[in-house]
Structures are given as structure tokens and as C-alpha cells.
Peer 1: 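Mind looking over this structure? Questions follow.
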There are 2 protein chains.
Amino acid sequence: MHFSAQQNHLLMSLPAEVQKRLFPYLKPITLPLGKVLYEAGEIQQEVFFPTDSIISLLNVMENGASAEISVVGNEGLVGVSLFMGGESTPSRALVQSAGSALQLSALRLKEEFDRHGDLLLLLLRYTQSLITQMAQTAVCNRHHTIDQQLCRWLLLSLDRLPGNQLIMTQELIANMLGVRREGVTDAAGKLQKLGVIEYHRGHINVLDRPQLEALCCECYAVVKKETDRLLPWHPNNNSG
Amino acid sequence: MHFSAQQNHLLMSLPAEVQKRLFPYLKPITLPLGKVLYEAGEIQQEVFFPTDSIISLLNVMENGASAEISVVGNEGLVGVSLFMGGESTPSRALVQSAGSALQLSALRLKEEFDRHGDLLLLLLRYTQSLITQMAQTAVCNRHHTIDQQLCRWLLLSLDRLPGNQLIMTQELIANMLGVRREGVTDAAGKLQKLGVIEYHRGHINVLDRPQLEALCCECYAVVKKETDRLLPWHPNNNSG
DNA sequence: CGATTTATGTTCGATAGCGAACCGACTGTT
DNA sequence: AACAGTCGGTTCGCTATCGAACATAAATCG
């Protein structure tokens, strides 16, 4: 295995045979914060398997207001519309946490997908977990306070990061949640007073994850439970 | 063709060969308002192709509050998790407008799906259009007023109905949108004053659809445009 | 027919979040 | 060391929506 220790769960779940075919075409890339992997409506030429980066899928409105509809980390891939058949989507994919990813051309992905083997089954299940996340985001946007949503968002990010620190300003979080920056300042202030997090100029440390989960709405748990069900993470432990 | 004139677009788009295989197994059923096609988390045994009914996919929260995440009419099918691989989903499918549908057993659907032919391609594209709808619902919930959302909801329903009338109380609409009934009363009252709609105890008549579209947020158009792109509706006009 | 249920209308106060403006403090640069 | 830019904190008034309670009229049913 010639890639870094931080790997992508989807890729690692595949049988050795599929890996052998795909891995030569995976191109490691680094993704800086804020990079746009694809714009709404743009024909996508590649998919991206994050390894230690986090990508947000955002819907952007005419007036520029935005809202995150799902998050992708090393449990998934960016670009499902390629194999779903649409080739593009009305959302934007934005790097939310800098890091690395493995890039694969649309051509190679489809070649393997069209073999109708393990990759197809895996990617369809992954897509269903994305659907779950979007649906729950819709509900959360309707019913929950900024405070709760911030907790959800922190937990989703934390799950996709190695440590307890996020590099993320309140302004950026506000864009993701589709709320004002002041609203995030307020919510984050409360969490800091409670000792749940600690932050300083774009660095957020989560100090008490259990309490964060307690303060969160049910949406995080619903998504997590369903994702774990759909994608029980068992690396295909082939050493070859 | 031995079914009623009102047909399902997905089924009609399939090549004659696939239709020949599937149609013998389609079971016509009638769906009364309020019927639950499946409950959250329940293993699904059938999929449903609405012909002149409308089904809402709802996420229901612990406290009973709900929100519609997408709508399915004769352009689609209910039960994507069957072929996506999850077998169940955390949402509920509820009959929003009484009518008919064609029911197909999971077994038969999967049999055809696993041939990796036209049905697979079609259903994946349809699933992508569902994803679009959910994503836009999330954004709409975040950024738009009840007034705008009611317009969106009316348009989505109208597109899936033959005439201009909806059988639907304000209470039920409120459940779909995840808002209070009073909010819907208010919004509907405004639309009636403007002469856009006319309603009376559970019956809503849309009088001025162009104006309804003008009052609506962009979300309706985004979803419609993308759905038309993904599923250009060309019936396979075989007379056999 | 009268009684009950259902659908809609109205009001009241409370509150979450918005938009705009402004400040101060920290950071990195030259 | 001075500066500009970034990040976070605070304030004000405003509006959409909520929660609750109650009113009215139409539909349904005994």
C-alpha cells in the first residue's frame, strides 16, 4: 500500500481485485481550504475520495445565500452525480477542511462502476447515506435552533477529523449553516462558557464531546446511526 | 396496454422489452389519503409507482414534529432504498393525495435492476432528481418565508395532479411544511386575497398559476429544471 | 333536527433570528 | 514599529414565526 496512513473508507472496503484495478489511477492531491472542487451545474470530470480533508456540499441561491446540505470526509466520495447518471448537480463542492484526497477520472470510475460489481453496490449504499444526511439537514433547518445546529455541525466535522481541533472561523461556519455570523458567535460563546469548546481566531478545540452530543439535537444521531448501518466500516485487510 | 390512461412516467419510459417483463407483476392499488406506505426504518417489501396519487416523504422527529423532504407523483417511484441497497430509510411515506399506484414486489424489481440494463440507469437518474429535491428543500427551509414555501408546495403538488384542484386542509399542509397551521392559514389567506387561489374547507383551487410561480422562491424552478434535465419525459410509445 | 366534529380565522405576547453598524483585539506583513 | 486585514463581540431595532387560547362557520352524524 503506497498511500499515506490516512485512507478512504470506501476505497479500503473494496475487494483486493477491485483495488488492484483502481489504485493505479488514483492521484493524490492536496486540497487547500476554500477550494471549489466543482461548481453548481458544471460537468464533473473527476471524483474525489477525501483522505484527511473534509468537503462540504453547498446549495447556493441567487442572492448568494448558501446552506450546506451534506458533508463528505474519508468515509465517502465527492461526485456521486457522475455515476448516478446526471454528470452534474446544482450544488457546489467546497473544501471545508484542508487536507488530501485521491482523485479519480470519471472515465476510470465509470469503467469500474459499469462492471456492476462491488463498487456499484458500495457506491449506491454510500449515496443512500448521503440522502439520509440531506433529508435530516432539511428537517434540522426547519426545527432546530442555531445552538443545536452548531453542535450537530461540530460533531459531523469532528467525526471526519483525526484530532479535536478544527481550523474554521465563525464566518465560515455561518456560511455552512446558512445563518448570520453573529448567530454563530452567540452559539459558540455559549458553548465556550460551558467549557464544551474553546476557540481562538479560527481554531476550535472540542474539550467535552459527550456534552456536545448532549446539547445536540437528535439529527446527528439519526444520521450517524443510519450511516453506520449502511456502511459498516470493515477494511478489506489485504496486505498485498 | 391494460392500465388506466393515467400512467407512470418511469414505467412508460422503459423499452418495450423491459416493460414486457415487468408489467405482468404490477399490481394496481388504490391509496386513500393519509395511508402510510412505509414507516421509518421498516424493511420495505414493495415499491410503488404512483399513477394519479401523490406520496410525501416525511422525516418525523422524536417529538412528533415533521417535515416533508420530497414529493413523488407519477414522475417517480416510492422506495428507492430498495435498490440503493439499504432496504429501509429513516423517513415515512405518506399518501398526500388519494389515487392509484402500481405496486411491484421488491423481488421482481431487484431481479430487473440486477440485469444492469435500462431500469438501473433510469432509476439512478430518478434518484438523483430526488436528491436534488431534498437538497433544495433543505435550503428552502433555511432561507424562505412560509408564504414562499407554500407557493413552492402548491406548484410541486399541481405538477403531479391532472387538474387545478387539491384536496388538502391547511392543517395537513402545515405538517408537510413543518410549520404551524396558523402560518399556513395566514399565507393561504394572502394568496386568496390576491386571487391566486381559492379555497374552502379542504379544497384548494389554483386560479392563477403564473402568479403563483412569480410569488414562489427560486427553489421550485431549480428542482423543476434539474428534474427535466435528468428525466426528459419521452414515453416509449409502443402500442403492444 | 340538534349535537359534535372539523376547518379556518383571529388575537396576544414571547422569542429566535435578521440586517446593519460599530468596536476592539489579535495577526501577519513590510 | 506601523499598518492593514481578519476575527470575534456587542448593540439596536425589526420581522417572521411560534405557542396558546379562543371564535366561528361548515360539515357530519345520531
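Reminder, nothing fancy here: chain letters follow the sequence lines and each chain counts from 1.
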Peer 1: Reckon B/H200 has a side-chain N or O less than 4.0 Å from the OP1 or OP2 of D/dA27?
Peer 2: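 The answer is yes; a side-chain N or O of B/H200 sits under 4.0 Å from OP1 or OP2.
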Peer 1: Counting only side-chain nitrogens and oxygens, does B/Y199 get under 4.0 Å of the OP1 or OP2 atom of C/dG9?
Peer 2: yes
Peer 1: So, A/S129 versus A/R125: side-chain donor-acceptor pair below 3.5 Å or not?
Peer 2: no
Peer 1: Any Lys/Arg nitrogen of B/R152 or B/D147 sitting under 4.0 Å from an Asp/Glu carboxylate oxygen of the other?
Peer 2: no
Peer 1: In whole Å, I'd like the distance from the NE2 atom of B/H143 to the P atom of C/dG17.
Peer 2: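 Taking atom P of C/dG17 as the reference, NE2 of B/H143 is at 14 Å.
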Peer 1: Using a 3.5 Å distance criterion without hydrogens, assess whether the side chain of B/R229 forms a donor-acceptor pair with backbone atoms of A/G86.
Peer 2: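 Looks like yes, one N/O pair under 3.5 Å.
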Peer 1: Please report the distance, rounded to the nearest Å, between CG in B/D186 and C1' in C/dA7.
Peer 2: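 These atoms are roughly 16 Å apart.
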Peer 1: Among C/dA20, C/dT6, C/dG9, which is the nearest nucleotide to the side chain of B/T185?
Peer 2: C/dG9
Peer 1: Look at the side chain of A/I146 and decide which nucleotide, out of D/dG9, D/dA26, C/dG17, has an atom nearest to it.
Peer 2: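 Per side-chain heavy atoms of A/I146, the pick is C/dG17.
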Peer 1: Hey, are the side chains of B/Y126 and B/V72 touching, using non-hydrogen atoms and a 4.5 Å cut-off?
Peer 2: yes
Peer 1: Of the listed nucleotides (D/dA27, C/dT10, D/dG9), which one gets closest to any side-chain atom of A/Q192?
Peer 2: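 The closest nucleotide is D/dG9.
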Peer 1: Nearest-Å distance, NZ (A/K190) to C1' (D/dG8)?
Peer 2: 16 Å
Peer 1: Using the closest heavy atom to pick a nucleotide of DNA chain D for each, name whichever of A/A188 or A/R201 lands nearer the 5' end.
Peer 2: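 Looking at DNA chain D, the more 5' nearest nucleotide goes with A/R201.
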Peer 1: As a test of reading the structure: which of C/dT8, C/dA21, C/dT10 is closest to the side chain of A/E182, going by heavy atoms?
Peer 2: C/dA21
Peer 1: Answer yes or no: is there an ion pair linking B/R180 with B/D186, defined by an N-O contact shorter than 4.0 Å?
Peer 2: no
Peer 1: Using atom CG of B/L177 as one end and atom P of D/dC18 as the other, report the distance to the nearest whole Å.
Peer 2: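 The distance from CG of B/L177 to P of D/dC18 comes to 10 Å, rounded to the nearest Å.
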Peer 1: Separation of A/E198 atom CD from D/dG8 atom C1', in whole Å?
Peer 2: 15 Å
Peer 1: Got a donor-acceptor pair under 3.5 Å from the side chain of A/R181 to the base of D/dG9?
Peer 2: yes
Peer 1: Does a side-chain N or O of B/Q170 approach OP1 or OP2 of C/dG9 to a distance below 4.0 Å, or not?
Peer 2: yes
Peer 1: How many whole angstroms separate atom CG of B/N141 from atom C1' of C/dA16?
Peer 2: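 To the nearest whole Å, that distance equals 16 Å.
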Peer 1: Under 4.0 angstrom, heavy atoms only, what part of the nucleic acid is B/G202 near: base, sugar-phosphate, or nothing?
Peer 2: sugar-phosphate
Peer 1: Would you mind reading off the distance between B/K193 atom NZ and C/dG9 atom C1', rounded to a whole angstrom?
Peer 2: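 These atoms are roughly 10 Å apart.
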Peer 1: From C-beta outward on A/R180, which listed nucleotide comes closest to its side chain: D/dA27, C/dG9, C/dG19?
Peer 2: C/dG19
Peer 1: Nearest to the side chain of A/V179, which nucleotide is it out of C/dC18, D/dA26, D/dT6?
Peer 2: C/dC18
Peer 1: Take atom CD of A/Q149 and atom C1' of C/dA16, then tell me their distance rounded to the nearest Å.
Peer 2: 12 Å
